[in-house]
Enquirer: 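Input: one structure, supplied below.
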Amino acid sequence: MKRFGIFCDRVIYVFAFCILLIVLMGNAAITAHVSYDGAEIVSYTFGLWYLLLLPLELGGVLLAARFFKRFSAREMFQLLAVGYILASFYFILNTENHIRADAAAVYNAAWQMLNGSFEVLQKDHYIGINPHQIGLMFYDMLVIKFSGNEEALYFLNAFEVLVINWYGYRITDKCFGNMQVSRMVLLLEFLFIPQFFFVLFGYGVIPGFCCFMIAAYHAVCIYNDEPLQRHGFWMILFIILASLLKKNYCIGAMAIGIALVLRFVNGGDKRKTAFLGVAVVLLSLLAPGIAEKAVGAVTEVEIGSGVPSTAWIAMGTDLENECRAPGWFNGYNYSVYEESGRDSAKASALATEKIIENVKSTLKAPKRAILFYGKKILSMWSEPMFQSVWSGPGTDGGALVTKRVLKSLYAGGKVEELCNLLTKCVLIVIYTSALCFLVRQKDDRAQLFYLYFIGGFIFHLFWEAKSQYVYTYVFMLLPICANELCVLQSWLDDKLKR
């Protein structure tokens, strides 16, 4: 049994190494950029200018880490949080209401539900078409109930990012047990500016990730043989909440589940650990469906299955779909649902036929398929901002912000270009660090981070593409990056002493 566990560990690290190498090589010379308008067109540029800034930025991070050595991790978090809160207030209070697209549809549905109108649940309305959004709709209903305005979503996002960063530190501390690494991860988290810009995105990305990080912390505690009674309930509760807020976090549940099962296989003495691993996966997958049934029973509205998942896969694997970028949204998922008379089973059958057709096209034209999936990978993993600016008030040329610096950011001006360049350097360091850690020490302390990254890469390779979707997988590599930067800092210190 232990041999099987060792084999699984090696498979995980081989997959992680290959994927990271692909992503790093793509990022080395190519940068993707999403247009700041509703068209959402992806373009690609070749350039190595970031290499001039990379040593300066890396040196700045190491100097900042040295400065923060005088503080405890808690004091450091408090100092950074104060600056972060002030910046959040500046952004939120100088931005007009801008919620749009899917986020607006869910938010408006929440208002209608609170007003006693359940029509939004019918199969010809947004929630009926996308019943997986029911969890987010209830989140918005709670926010509206207690605040009554859109800005509350953004203030809550700001608080949730602080929670994400705090639990990122606690996870790192549990995994590496090194205060220098823990301080470094706090610094990297607050410097990861795409996450800050997502504060102005009133969708399920930040709330869901907040819940996932709490669940991941309790999973790491269980992995480290801490009492199941203390951590099992909270892990399951928060992974269910994460899956309800955004179904993509089922990938996180699977990563946790695999890590806990392998912990038992590799010599863990508690079968309950493996049981919890299986339970966390099953409950995260079942929770959205149970929520849909419960809402249907309470409102006496028959909620259908909506657009089938196969429609998104058909859209993401269609070699002809390059209107925005390979595998990005082109409306196929909704059109096939309408063509089938809003019959989910018929739509699923049609989408399955399309997937089979896509597979045949891929096998007939392998060179074209390699180019398609290569560009698809680049469009997501080589876009430094992860659409964090675009997702906020970034499609109106800066018309919804009042300050000059914000106009430059949200209109794709000099401020946006600088942020893009700085984050490009950060991505290169993250991907390189994650590779170096694998080469230096195949350590199971980082297994959960790699599992989550692998799961996200494979899922979005075939699903509808969007760079916005992949930021959390990159963020979860920060603890590994922090460890490697501390190794680099120690090496430099030794060199300087000599």
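Along the sequence shown, residues carry numbers from 1.
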Enquirer: Residues in side chain to side chain contact (heavy atoms under 4.5 Å, CB included) with Ile258, at least two apart?
Expert: Leu262, Leu451
Enquirer: Per the side chain to side chain donor-acceptor pair (under 3.5 Å) rule, what does the pair list look like for residues 211-224, sequence neighbours excluded?
Expert: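 Every pair satisfying side chain to side chain donor-acceptor pair (under 3.5 Å) with a residue in residues 211-224: Arg170-Tyr217, His218-His231, Tyr223-Asp444.
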Enquirer: Return all side-chain donor-acceptor pairs below 3.5 angstrom for residues 203-211, not counting sequence neighbours, or 'none' if the list is empty.
Expert:
residue: Tyr203; atom: OH; partner: Gln133; partner atom: NE2; Å: 2.7

Enquirer: Using ring centroids (six-membered ring only for Trp), state whether Phe15 and Tyr450 fall under 6.0 Å.
Expert: no
Enquirer: Should we say atom NZ of Lys360 is surrounded by more than 12 heavy atoms from elsewhere, each under 6.0 Å from it?
Expert: no
Enquirer: Would the number of heavy atoms belonging to other residues, nucleotides or ligands and lying under 6.0 Å from CH2 of Trp234 be above 12?
Expert: no
Enquirer: Would you sort out whether Thr472 and Phe212 count as a side-chain contact (heavy atoms from CB on, under 4.5 Å), showing the intermediate values?
Expert: CA-CA 10 Å; Thr472 64; Phe212 169 69; over 6 Å; no
Enquirer: For a quick test of reading the model, state the closest non-hydrogen atom pair linking Gly316 to Lys376 and the distance between them.
Expert: O-NZ, 2.7 Å
Enquirer: Is atom CZ of Phe159 surrounded by more than 12 heavy atoms (other residues, nucleotides or ligands) closer than 6.0 Å?
Expert: no
Enquirer: From the options Tyr373, Trp328, Tyr473, select the one residue that forms a ring-ring contact (aromatic ring centres under 6.0 Å, His included) with His460.
Expert: Tyr473
Enquirer: Applying the side chain to side chain contact (heavy atoms under 4.5 Å, CB included) test to Pro479, which of Phe176, Phe437, Tyr169 qualifies?
Expert: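 The option that passes is Phe176.
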Enquirer: Taking only distance into account, with no hydrogens and no angle test, what donor-acceptor pairs under 3.5 Å do side-chain atoms of residues 179-198 form with protein atoms, sequence neighbours excluded?
Expert:
residue: Gln180; atom: NE2; partner: Gln489; partner atom: OE1; Å: 3.0
residue: Ser182; atom: OG; partner: Asp173; partner atom: OD1; Å: 3.3
residue: Ser182; atom: OG; partner: Asn178; partner atom: O; Å: 3.2
residue: Arg183; atom: NH1; partner: Phe71; partner atom: O; Å: 3.2
residue: Gln195; atom: OE1; partner: Tyr471; partner atom: OH; Å: 2.7
residue: Gln195; atom: NE2; partner: Asn165; partner atom: OD1; Å: 3.0

Enquirer: For residues 420-427, please give each side-chain donor-acceptor pair under 3.5 Å, one per line with the distance, not counting sequence neighbours.
Expert:
residue: Thr423; atom: OG1; partner: Cys419; partner atom: O; Å: 2.7
residue: Lys424; atom: NZ; partner: Asn27; partner atom: O; Å: 2.5
residue: Lys424; atom: NZ; partner: Ile30; partner atom: O; Å: 2.9
residue: Lys424; atom: NZ; partner: Thr31; partner atom: OG1; Å: 3.1

Enquirer: Just to verify, what does Leu285 make a side chain to side chain contact (heavy atoms under 4.5 Å, CB included) with, not counting sequence neighbours?
Expert: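 Side chain to side chain contact (heavy atoms under 4.5 Å, CB included) list for Leu285, sorted by chain: Cys250, Met254, Val281.
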Enquirer: Mind checking whether Trp381 and Phe457 have parallel, tilted or perpendicular rings, split at 30° and 60°?
Expert: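 Because their plane-to-plane angle lies in the 30° to 60° range, the rings of Trp381 and Phe457 count as tilted.
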Enquirer: Check Arg70 with Glu75, please: is the shortest side-chain N to carboxylate O separation under 4.0 Å?
Expert: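 A salt bridge is absent here (no side-chain N lies under 4.0 Å from a carboxylate O).
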